[in-house]
Peer 1: 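Have a look at this one before I ask anything.
All values below were derived from every heavy atom in this structure, side-chain atoms included, with hydrogens, water molecules and symmetry-related copies excluded. For reference, positions follow the sequence shown, starting with 1.
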Amino acid sequence: MDPRLTGLKLHSLLLCLSDLMMPRVCLVCGRQLLPSERHLCIECEADLPLTHFESMPRNPMADTFNGRLLSAGDGAVAYQYATALFHYVSGSGYDYIPQALKYDRNFPAGRHFARLLGRNIASAGHFADVDLVCCVPLHWTRRFWRGYNQAEIIAREVHRVLSQSRELRFEPSLLRRTRRTRSQTRVGVEEKAGNVQGAFRARRGSGTPRHILLVDDVFTTGSTLASCTLALREAFGAQVRISVATLGYVQR
């Protein structure tokens with residue numbers, strides 16, 4: 001017998017029985033998973049193209065984000081941090097990880113990779129003073145038809161991981177989208193910034209945070225995150241650091 005199938009616990013045995021009726025497959029390569037594997041097979045998990053941005057206060061994603069804020073007229077002096085779990089390359093197979101959550105309602109996979117992102121953030125000293133986690137909102141009509149906001153699911157898991165070692169707030173409704181914009185996946189790079197410009201507003205909660213962590217699913221040009229940051233800046237002022245975190249990062 002395959003040694004990977006010996007010594008299984010009750011949970012794994014139940015998975016085996018479940019897999020007989022509805023086999024679980026790797027999100028990337030489609031191979032049937034073993035009971036010990038979760039969402040990715042061992043080979044695809046080993047090749048997951050991690051960014052390791054959490055270990056670099058200054059990295060390509062943060063540089064792009066800060067450049068986007070500068071061009072949008074953000075008045076903050078401090079360098080804003082940014083991190084992502086993995087490099088998002090279209091057609092690589094790994095690009096399906098956020099798509100599985102966004103389009104296929106694969107909540108267990110979304111939460112799993114969000115927890116990995118949260119653990120990476122928790123290990124980074126420059127994120128140690130984060131005291132509020134929020135997310136990029138959907139317009140209420142899109143949320144109504146989809147039934148959920150994928151960014152909120154990711155942010156909730158990140159907050160859950162971070163709150164194991166510190167006290168911090170989770171405010172999924174801190175930002176709201178004031179108008180329904182075209183999907184960012186359907187507009188060109190040059191149009192993205194204009195598409196979301198002025199599309200968000202932030203409400204002031206109780207107290208002023210020191211360091212806000214803004215969460216989304218994928219970082220492409222940074223336009224949406226920059227627009228959200230400007231709204232947060234309007235509500236809380238330039239003294240608040242606003243960092244961003246996503247599952248995927250599209251390198252350009």
Peer 1: Compute the centroid of each ring, for F107 and then for Y148, and state whether the two points are separated by less than 6.0 Å.
Peer 2: yes

Peer 1: For M61, is there any backbone N or O sitting under 3.5 Å from a side-chain donor or acceptor partner on D63?
Peer 2: no

Peer 1: So which of E54, R115, H52 actually passes side chain to side chain contact (heavy atoms under 4.5 Å, CB included) with N120?
Peer 2: E54

Peer 1: Looking at side-chain heavy atoms only, is the closest gap between P98 and F86 below 4.5 Å?
Peer 2: yes

Peer 1: Do V215 and V244 have side chains that approach each other closer than 4.5 Å (heavy atoms only, starting at C-beta)?
Peer 2: no

Peer 1: How are the rings of F113 and H39 set relative to one another: parallel (under 30°), tilted (30 to 60°) or perpendicular (over 60°)?
Peer 2: tilted

Peer 1: E171 pairs by salt bridge (Lys or Arg N to Asp or Glu O under 4.0 Å) with which of R156, R203, R176?
Peer 2: R203

Peer 1: Tell me, please, which residues at least two apart from Y96 pass ring pair (Phe, Tyr, Trp, His ring centres under 6.0 Å).
Peer 2: none

Peer 1: Output yes when a side-chain donor or acceptor of S227 lies under 3.5 Å from a complementary backbone atom of S223, and no otherwise.
Peer 2: no

Peer 1: Any donor-acceptor pair under 3.5 Å linking the side chain of R68 with the backbone of G222?
Peer 2: no

Peer 1: Would you call I242 and R233 a side-chain contact if the rule is heavy atoms closer than 4.5 Å?
Peer 2: yes

Peer 1: Report yes if some heavy atom in the side chain of R31 is under 4.5 Å from a heavy atom in the side chain of E43; otherwise report no.
Peer 2: yes

Peer 1: For the residue pair L168 and L162, what are the closest heavy atoms and their distance?
Peer 2: CD2-C, 3.8 Å

Peer 1: Determine whether a donor-acceptor pair (N or O, by modelled atom type, separation under 3.5 Å) exists between the side chain of R38 and the backbone of A109.
Peer 2: no

Peer 1: Would the distance check show the side chain of N66 and the main-chain N or O of Q80 forming a donor-acceptor pair, the cut-off being under 3.5 Å?
Peer 2: yes

Peer 1: Could you walk me through whether R146 and L138 pass the side chain to side chain contact (heavy atoms under 4.5 Å, CB included) test, one step at a time?
Peer 2: CA-CA 10 Å; R146 184 177 296 171; L138 290 177; 3.9 Å; yes

Peer 1: Under a 3.5 Å distance rule, please check whether E157 uses its side chain to pair with a backbone N or O of I154 as donor and acceptor.
Peer 2: no

Peer 1: Could you point out which residue of H211, R210, R166 forms a side chain to side chain donor-acceptor pair (under 3.5 Å) with D129?
Peer 2: H211

Peer 1: Assess the side chains of N59 and Y249: does a donor N or O sit below 3.5 Å from an acceptor N or O?
Peer 2: no

Peer 1: Do H87 and F53 have ring centres separated by under 6.0 Å?
Peer 2: yes

